[in-house]
S.K.: 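Shown below is the structure under consideration.
As a basis for the values below, the full set of heavy atoms in this structure was taken, side chains included, without hydrogen atoms, waters or symmetry mates. The sequence lines fix the lettering, A, B, ..., with proteins before strands; numbering per chain opens at 1.
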Amino acid sequence: MSEALLELNGLSKAFGAHQVLDGVSARIRPGEIVGLLGPNGSGKSTLLNAISGFLPPDAGRVTIAGTDITARPAHVVTRAGLARTFQLPNMPTRMTTREVLRAGDVAAGAPRHMLRRTGRDDRIDALLEMFRLAHVADLPASSLSGGQKKLLSVALALRGSPRLLCLDEPTAGVHPELRTEMVRILKQAAGEGTTLLVIEHDMLFIRQLCSRCIVLDRGHLIADCAPDELEHNGAVVEAYLGKAVQKGKTAR
Amino acid sequence: DITLGAVIPLSGSNATPGEDQRRGIEIAVKEINDAGGILGEPLKVIIEDSAGKPQTAIDAARKLVTVDKVPLVIGSYSSGITLPMGEYLVQEGIPHLNPASTSGLVRKIGPTSFSMVGLDNVSTEFAAKEVIANGWKNVAVLAVNNAFGQGVAHEFEKHLEEMGGDVKTSVLFTGGQPSYRRELQQLEATDPDAYVFTAYGTDAALIMQESYELGLQTDAPWYSILITMMNKDTAAEFKQGLTGMDVGYLGAGGEGYKAAYEAAYGEGFLSAYGGYAHDAVLFAAKAIEMAGTTDKEPLLEAIRKLGDEGFDGATGEIKLDADGQRMSQPYLKFKVDGNALVPMD
Amino acid sequence: MIEASNIRAGYGDGPDILQDISMTASAREIVTILGPNGCGKSTLLKTVAGFVRPRGGAIRINGEGAETVPIHEKVRHYGVGYVPQTDNVFRTMTVTENLLMGARDLSRDTRNERFEALMTQYPTLANKRRRKASALSGGERQILSLARALMAGPRILLLDEPSAGLSPAMMHDVFEAIGRIRDAQDMCILMVEQNAYEALSISDRAYVLSLGKVALTARSADLLNDPAMERLYLGGDPDA
Amino acid sequence: MSDFLIHVSAVACLYGILALALNLQMGLSGLVNFGLIALFGCGTYGAAFAHLWGWPPLAGLALGLVFAALLGLFFARLGDRMSEDYWGIATLSLAEIMRLVFTNEQGLAGGAQGVSGLPVTFAALPADTAALARLALYAALLVVAFVICQRIARSGFGLSLKLMREEPQLARALGYDLARSRRIVMVVSSLMAAVSGFLYAHYLTFVGPEQLMSHETFLIWSMVIIGGIANNWGVVAGAILMQFALAYVPFVKDWFDVPSDFVAATRLIIVGGGILAFLIWRPKGIFPERIGGSHV
Amino acid sequence: MIQFLFDTVIRALDLALIAVALSGVYSLIKFPNVALVQYSVTGAFLGMLLQQAGLPLLVALPLSAALVGLLAMLFNVLLFERLLEEGSAIALIGSLALSMILSAVFLLAFGPAAYRFDLPVAPAMRFMGARVTVHQLSTLAITLVSLGGFAAILFFTRLGREMRATATNCVLAAASGIGTRGVINATVFISGVLAALGGMTLAMRGSVSIDLGTQMLLPVFAAAILGGLGNALGAIAGALVISAAETFVTNTNFGPLFGQDFLFAPASYAQTASFALLVLFLLFRPAGLFTSEVNRV
Ligand SMILES: Nc1ncnc2c1ncn2[C@@H]1O[C@H](COP(=O)(O)OP(=O)(O)OP(=O)(O)O)[C@@H](O)[C@H]1O
Ligand SMILES: Nc1ncnc2c1ncn2[C@@H]1O[C@H](COP(=O)(O)OP(=O)(O)OP(=O)(O)O)[C@@H](O)[C@H]1O
Ligand SMILES: [Mg+2]
Ligand SMILES: [Mg+2]
């Protein structure tokens with residue numbers, strides 16, 4: 001059996017009387033691309049926050065490659081190899097897009113002399129090009145459009161080739177053409193050794209990208225299967241896909 | 001023209017005594033010019049605002065010395081400003097006349113610094129004697145929490161205890177508060193024979209009002225150190241039976257000064273400090289007259305000589321000791337009558 | 001109802017984001033605006049709403065010139081409802097209060113009636129009436145924002161990506177509801193969307209923007225059946 | 001005239017260092033410090049204690065630096081727990097506590113009477129030379145502080161500080177340890193402030209609690225804002241401009257021959273009105289921050 | 001005990017109105033307008049002038065409050081709207097500068113002396129063992145009524161809801177049909193009124209001089225923050241907590257603990273107590289007493 005890269009063990013979190021996560025356990029093996037699905041408010045983002053050090057869980061354990069990172073601060077988790085994006089990305093007002101990317105480089109530990117060299121900037125340029133952000137590279141990052149901010153945050157998380165990349169709805173607000181492009185980019189990253197955990201509602205994207213899906217409903221895992229099996233899973237259809245699947249729209 | 005400089009707090013928390021100092025200076029300048037000026041030339045005093053901030057005061061003093069080239073600077077009010085300013089003037093060898101700061105540290109400023117005001121130990125000794133003579137052995141002291149108030153409280157306690165009295169508690173209050181009930185209740189809790197206090201006009205007015213409201217004035221008598229500086233702002237109904245001490249504006253200079261002041265400003269003194277500022281100008285004028293010049297060395301010489309001989313000002317005779325500090329000061333007992341202060345004895 | 005002609009607009013002293021845009025939308029019509037990220041869709045919506053003042057061109061609502069009418073006046077006079085793309089809830093207020101903010105000028109009865117109707121329609125919100133909006137999840141906020149706009153019973157509805165972040169079931173519900181209110185209330189709906197397929201299936205016409213200009217305008221049905229469109233805007237197979 | 005100029009320039013240099021320290025915190029890192037003057041006070045009281053205890057002045061410097069570093073670390077520690085507005089008021093409170101303690105504890109350092117008679121720097125030189133030497137020393141230190149700040153602003157670390165200022169959550173997600181950045185910034189800038197305070201004490205030859213009033217902090221704030229937040233050139237320019245303006249305000253009164261009863265009001269109106277006019281005229285400061293200007 | 005409670009309440013009275021005013025504007029336009037303390041001094045002076053001009057106190061108080069409210073609005077329109085475009089730090093410095101100018105005006109018009117309302121003063125009455133003066137009671141009443149009125153506006157009127165909405169999300173508020181500029185000005189007006197009433201109630205109990213504003217700034221600031229920025233009524237709780245701490249420190253005889261008759265913490269440490277309390281409080285409640293927003297990513 002292969003060692004799990006990310007292992008969740010009985011994660012729980014409540015806000016007041018509202019139990020948002022209720023004993024979630026899961027294992028993600030290296031190299032997998034896992035989709036995390038679930039209805040709105042089911043606790044997906046909360047789960048990601050609990051993993052990445054933004055919200056200490058009430059109970060349970062999180063390990064990355066065997067290292068216990070439960071309730072460790074975010075920067076420690078990041079150093080253990082995790083990168084994440086936010087569902088609602090906010091970007092700085094007094095920094096340009098390029099500067100934000102550069103700050104990402106620095107965080108990823110690029111040595112000073114590397115940063116100075118233009119070669120490094122070429123990589124930023126390539127990334128900007130890839131995400132269609134080149135023309136806004138020197139604008140304040142906060143003035144980007146909603147979709148562009150999303151793209152920037154994904155680009156930022158890709159820097160430094162993390163071991164585990166967690167994306168919170170990377171395609172919401174992103175143009176379909178770029179979604180396709182993003183599938184390609186993410187698959188390439190996976191090919192280079194990054195494991196992915198992706199929260200998403202776009203079933204097409206999920207189907208194209210993921211090898212496996214886990215579905216969360218009211219804080220419980222209700223399914224763990226291949227993307228194609230989702231619409232045959234009564235519980236998932238009931239809780240998540242709803243009528244959409246019957247009309248076959250998502251099956252497009 | 002002969003131009004002197006003065007740095008006083010015209011804004012900030014000490015603006016009231018600062019304004020009084022300004023009036024004292026203004027009256028003195030007028031007196032001198034009406035009498036024909038100094039060495040036949042009109043006198044002018046450039047007054048700068050210290051804003052109660054050391055940096056502003058130092059900037060002003062530097063400006064007076066290096067730009068206006070005044071031969072002598074008068075100032076300031078609180079010790080926190082007088083000390084650094086005086087030290088700067090001493091470094092430059094410029095004569096410095098301290099018209100207000102009574103902290104003992106003033107003595108150490110340096111050889112070209114002179115005080116027109118008797119330091120804490122003089123006034124508090126007088127007050128302590130009075131208090132003992134009134135038969136008050138256990139007293140509660142209230143003073144403003146700055147260099148002046150701390151000095152007074154400390155010196156008063158020392159003298160009173162030497163004379164066999166006891167200070168039950170010394171409460172220091174921060175000026176400018178909207179209420180002093182807490183301080184007053186602390187005083188009251190010690191059940192003293194008398195309350196001894198020193199405070200500037202606006203604070204004192206509130207203190208007297210609140211002590212009246214709290215009934216503290218019926219329990220025990222109140223005694224004010226430097227009573228003139230609080231008398232003006234306090235309404236008559238809150239200070240019945242109040243006694244206190246202050247510099248005597250009596251004799252030749254004092255009466256005239258008082259009359260001129262009241263004529264010019266339509267009210268009594270704002271504080272005790274206008275008189276010293278006034279005397280500082282007169283003293284400087286006399287010294288210049290004696291030296292026949294405004295040059296540093298002869299002027300310093302003249303100041304020392306004048307200090308030795310003694311000089312009659314509105315605040316009585318000004319005689320300086322070897323450190324250039326005023327040796328004695330005529331103090332008077334006062335009691336309040338309606339809104340007015342009347343000397344006792 | 002809405003008629004924009006030759007609009008130019010931008011932010012601060014920056015370049016024109018909208019370069020020359022003309023579009024219309026009438027009552028009982030859903031108009032979808034499509035286009036790549038950063039092409040100016042939200043800016044167009046903001047200009048129509050009145051947050052961004054056009055640098056040139058004219059915006060007429062109900063035949064009246066409305067370029068300089070501030071947004072709150074438009075809300076009151078023309079019954080404009082606006083759902084922004086981001087930052088779309090009153091964070092410090094509860095779900096209930098958020099909804100009531102939408103109901104400024106309503107009588108108590110209508111207000112309660114609509115409130116209860118929306119609560120039944122979106123049970124997700126009903127469970128969280130007293131929750132502060134800042135605690136809600138992304139999708140819950142999206143729904144709250146839409147519900148807030150619907151509370152006022154708008155005649156013109158400007159929706160900036162109403163389906164972003166919604167689960168498939170919820171997205172389906174929301175689009176269905178939008179289609180229904182157009183018919184029931186003669187509403188004029190201008191909607192920016194990235195989930196083009198679903199949006200086009202309920203809308204009547206569509207504009208495709210590109211770099212601040214209208215690149216294409218067509219009936220939704222035609223676009224849906226256009227294979228080129230499919231490849232360009234609906235997402236293809238990355239491996240193909 | 002030139003003596004006065006030298007004096008004003010010397011003090012302006014010290015304020016420049018202080019303004020740079022504030023800018024490092026507030027401008028670059030978004031640490032809204034309303035208690036800056038306490039860090040300055042560590043320097044002045046370091047000098048005062050050394051003087052009281054008969055230590056050599058440089059020991060006072062060391063003392064001041066240690067105080068300031070500790071206080072800076074404590075500030076940083078508080079920052080781990082509170083958001084910026086609340087942190088601002090916490091720092092203000094601590095600065096006030098420090099001032100009140102020094103005012104009330106007469107045994108500590110003279111209470112409200114303060115400590116006077118500190119030796120002036122370069123006392124051994126003749127007066128004119130000493131003044132110039134002091135100016136040269138302060139100016140040199142200002143340059144050093146400027147270079148340090150500029151290097152920080154342009155380094156990768158500076159970039160991370162900007163990100164912390166703007167979007168702390170994003171910075172955390174990228175793996176920055178904000179607590180550590182805050183500690184570094186606070187210690188570096190506290191040391192700068194303490195050096196400035198130490199020199200100031202030995203310039204004025206007096207140390208007292210009145211120097212620690214909270215409006216002194218606001219004065220430094222005005223300098224930073226008038227100069228241009230987050231731009232080191234601007235901040236130094238702001239400090240110099242402001243200090244010169246304040247020192248030269250009394251001349252305005254002389255030119256117009258304002259009667260002495262209006263002196264204070266004139267001063268307040270010129271200073272307040274000047275700041276307002278400036279803010280309206282150049283709201284972004286003399287040298288605004290250049291967005292995208294970091295060269296890593 | 002009763003006396004302790006009473007002293008606490010009275011001290012809280014000093015702070016509450018102005019703190020609520022500060023926190024009210026802060027929540028809306030996101031900068032602490034330090035000139036507010038000067039507005040209260042203005043209110044007090046204006047009230048006294050009106051009374052001297054022959055108006056009865058009951059007319060002079062509201063009239064002066066309304067005038068100060070208008071003045072606050074005027075400054076907002078002429079000055080702060082413009083400065084706020086560039087950020088809150090700039091507006092903060094602007095309000096400091098405005099404070100300076102206002103104190104210059106006071107200095108010219110009134111000089112540094114202290115002024116009182118022309119009111120009869122009587123010794124304190126005994127009320128359940130505590131000493132109370134008439135003016136303390138009447139200003140208590142004024143404060144309660146105005147704070148109650150403000151709370152009612154905030155929670156039970158449309159204006160109040162609109163204020164809170166605008167404070168939270170100005171863009172969305174406009175999109176909900178709220179004229180945000182008008183709402184902001186209304187709030188600024190109310191804050192001016194409250195600040196002026198704060199100043200006048202102070203002057204009714206004691207006296208007011210031009211320096212009062214500066215002296216009040218820090219405690220008022222502290223109370224507003226302690227209550228939770230942006231939570232206008234939290235400032236009342238903040239004022240109460242601070243005054244309780246101060247009163248406890250100064251009114252408690254620590255003597256018996258140390259085997260002495262009397263040992264009071266120096267009254268000058270009262271402020272230290274309130275600041276220390278503030279820091280401690282923030283350590284345990286890093287976002288003030290009351291917060292209305294959940295922090296989540
Ligand atoms: N800090 C918080 N305080 C209170 N409740 C919270 C908090 N954070 C999240 N919740 C609640 O927990 C539930 C789960 O939220 P979460 O953001 O994890 O949902 P989600 O699955 O990501 O939904 P979506 O698909 O809409 O983004 C929601 O009902 C939300 O209201
Ligand atoms: N507040 C702003 N200030 C300056 N420029 C802005 C601002 N908002 C948007 N822009 C610029 O305008 C362009 C168009 O933005 P807009 O938000 O209209 O895009 P959009 O079409 O809605 O994109 P998306 O699909 O990603 O939401 C962007 O490139 C952005 O750089
Ligand atoms: Mg989510
Ligand atoms: Mg958009």
S.K.: For D:Val235, does its backbone N or O pair with a side-chain atom of D:Asn23 as donor and acceptor, under 3.5 Å?
M.R.: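 Side chain of D:Asn23 to backbone of D:Val235, a donor-acceptor pair under 3.5 Å: no, none is there.
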
S.K.: Checking ring-ring contact (aromatic ring centres under 6.0 Å, His included) for the pair D:Tyr45/D:Phe102: CA distance, chi angles, key distance, verdict?
M.R.: CA-CA 9 Å; D:Tyr45 272 94; D:Phe102 276 123; 3.7 Å; yes

S.K.: So E:Tyr39 and E:Asn33, do their side chains get closer than 4.5 Å, heavy atoms only?
M.R.: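 Result yes, sub-4.5 Å side-chain heavy-atom pair found.
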
S.K.: Between E:Gln38 and E:Ser99, do the side chains contain an N or O donor and an N or O acceptor separated by less than 3.5 Å?
M.R.: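 The answer is no; no qualifying pair exists.
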
S.K.: Can you say whether E:Leu282 sits under 4.5 Å from chain D via the side chain, the backbone, both, or neither, judging by heavy atoms?
M.R.: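 For E:Leu282, backbone and side chain are both near chain D.
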
S.K.: Out of D:Ile275, D:Leu78, D:Leu100, return the one with the most heavy atom pairs under 4.5 angstrom to chain E.
M.R.: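 Among the listed options, the one with the most contacts to chain E is D:Leu100.
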
S.K.: Just wondering, are more than 12 heavy atoms of other shown residues or ligands nearer than 6.0 Å to NZ in E:Lys30?
M.R.: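 Yes, enclosed.
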
S.K.: Name the atoms and distances for all side-chain donor-acceptor pairs under 3.5 Å in residues 211-224 of chain D, with sequence neighbours left out.
M.R.:
from: D:Gln211; atom 1: OE1; to: D:Gly208; atom 2: N; distance (Å): 3.3
from: D:Gln211; atom 1: NE2; to: D:Phe206; atom 2: O; distance (Å): 3.1
from: D:Thr217; atom 1: OG1; to: D:Ile37; atom 2: N; distance (Å): 3.3
from: D:Trp221; atom 1: NE1; to: D:Asn33; atom 2: O; distance (Å): 3.0
from: D:Ser222; atom 1: OG; to: D:Phe218; atom 2: O; distance (Å): 2.8

S.K.: Examine whether an atom of E:Leu283 lies under 4.5 Å from a heavy atom of chain D, and if so say whether it belongs to the side chain, the backbone or both; otherwise answer neither.
M.R.: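 It is both, since atoms from each part get that close.
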
S.K.: Which residues satisfy the side chain to side chain contact (heavy atoms under 4.5 Å, CB included) test with D:Ile270, sequence neighbours excluded?
M.R.: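 D:Ile270 satisfies side chain to side chain contact (heavy atoms under 4.5 Å, CB included) with D:Val249, D:Val252, D:Thr266 once adjacent residues are dropped.
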
S.K.: For chain D, which residues from residues 209-219 of chain E lie under 4.5 Å away (heavy-atom distances)?
M.R.: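 Counting heavy atoms that sit under 4.5 Å from chain D, the residues of residues 209-219 of chain E involved are E:Leu218.
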
S.K.: What part of D:Ile225 gets closer than 4.5 Å to chain E, counting heavy atoms only: side chain, backbone, both or neither?
M.R.: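 For D:Ile225, the contact with chain E is made by the side chain alone.
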
S.K.: Would a distance-only check, ignoring hydrogens and angles, find a side-chain to backbone donor-acceptor pair under 3.5 Å from D:Arg165 to D:Gly27?
M.R.: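 Yes, the answer is positive, given that a donor and an acceptor are paired below the 3.5 Å cut-off.
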
S.K.: Going by residue number, which parts of residues 163-172 of chain E are within reach of chain D, meaning a heavy-atom gap below 4.5 Å?
M.R.: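 Listed by number: none.
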
S.K.: Heavy-atom pairs under 4.5 Å with chain D: which of E:Leu278, E:Leu226, E:Leu98 has the most?
M.R.: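 Result: the option with the highest number of such pairs is E:Leu278.
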
S.K.: Sort E:Ile90 into side chain, backbone, both or neither according to what part of it lies under 4.5 angstrom from a heavy atom of chain D.
M.R.: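 For E:Ile90, the contact with chain D is made by backbone and side chain together.
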
S.K.: Could you tell me how the ring of D:Phe251 sits relative to the ring of D:Trp255: parallel (under 30°), tilted (30 to 60°) or perpendicular (over 60°)?
M.R.: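 If you compare the ring of D:Phe251 with that of D:Trp255, the planes turn out tilted.
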
S.K.: Flag the one option from D:Gly285, D:Gly274, D:Ala90, D:Pro283 with the top tally of heavy-atom pairs under 4.5 Å to chain E.
M.R.: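 Heavy-atom pairs under 4.5 Å are most numerous for D:Pro283.
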
S.K.: Out of D:Met82, D:Met98, D:Met26, return the one with the most heavy atom pairs under 4.5 angstrom to chain E.
M.R.: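 Answer, by heavy-atom pair count under 4.5 Å with chain E: D:Met82.
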
S.K.: In terms of heavy-atom pairs under 4.5 Å, which option from D:Leu276, D:Asn104, D:Leu279 contacts chain E the most?
M.R.: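 Heavy-atom pairs under 4.5 Å are most numerous for D:Asn104.
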
S.K.: Tell me, do E:Asn76 and E:Glu81 make a side-chain contact under 4.5 Å, heavy atoms counted?
M.R.: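 Sidechains of E:Glu81 and E:Asn76: in contact.
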
S.K.: With distance as the sole test, does E:Ser243 use its side chain to make a donor-acceptor pair with the main-chain N or O of E:Arg11 at under 3.5 Å?
M.R.: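 Flag not set: sc E:Ser243 to bb E:Arg11 has no pair under 3.5 Å.
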
S.K.: Checking D:Ile229 against chain E: side chain, backbone, both or neither under 4.5 Å from a heavy atom?
M.R.: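 Only the side chain of D:Ile229 comes within 4.5 Å of chain E.
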
S.K.: When you compare the side chain of E:Ile101 with that of D:Leu268, does any pair of heavy atoms fall below 4.5 Å?
M.R.: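 SC-SC contact between D:Leu268 and E:Ile101 ruled out.
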
S.K.: Is chain D contacted by the side chain of E:Ile225, its backbone, both, or neither, given a heavy-atom distance below 4.5 Å?
M.R.: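 Both parts, backbone and side chain.
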
S.K.: Tell me whether D:Trp87 contacts the main-chain N or O of D:Phe75 through its side chain, where contact means a donor paired with an acceptor under 3.5 Å.
M.R.: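 Here the side-chain-to-backbone pair exists.
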
S.K.: For E:Leu92, is it the side chain, the backbone, both, or neither that has a heavy atom closer than 4.5 Å to a heavy atom of chain D?
M.R.: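 Contact with chain D: side chain only.
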
S.K.: Do D:Leu178 and D:Pro168 make a side-chain contact, defined as non-hydrogen atoms from C-beta onward lying under 4.5 Å apart?
M.R.: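 Yes, side chains in contact.
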
S.K.: What part of D:Val32 lies closer than 4.5 angstrom to a heavy atom of chain E: side chain, backbone, both or neither?
M.R.: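 Neither part, no heavy atoms under 4.5 Å.
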
S.K.: Does the separation of the ring centres of E:Phe110 and E:Phe45 fall below 6.0 angstrom?
M.R.: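 Yes, close enough.
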
S.K.: Determine, stepwise, if the pair E:Phe75 / E:Val188 fulfils side chain to side chain contact (heavy atoms under 4.5 Å, CB included).
M.R.: CA-CA 9 Å; E:Phe75 283 134; E:Val188 167; over 6 Å; no

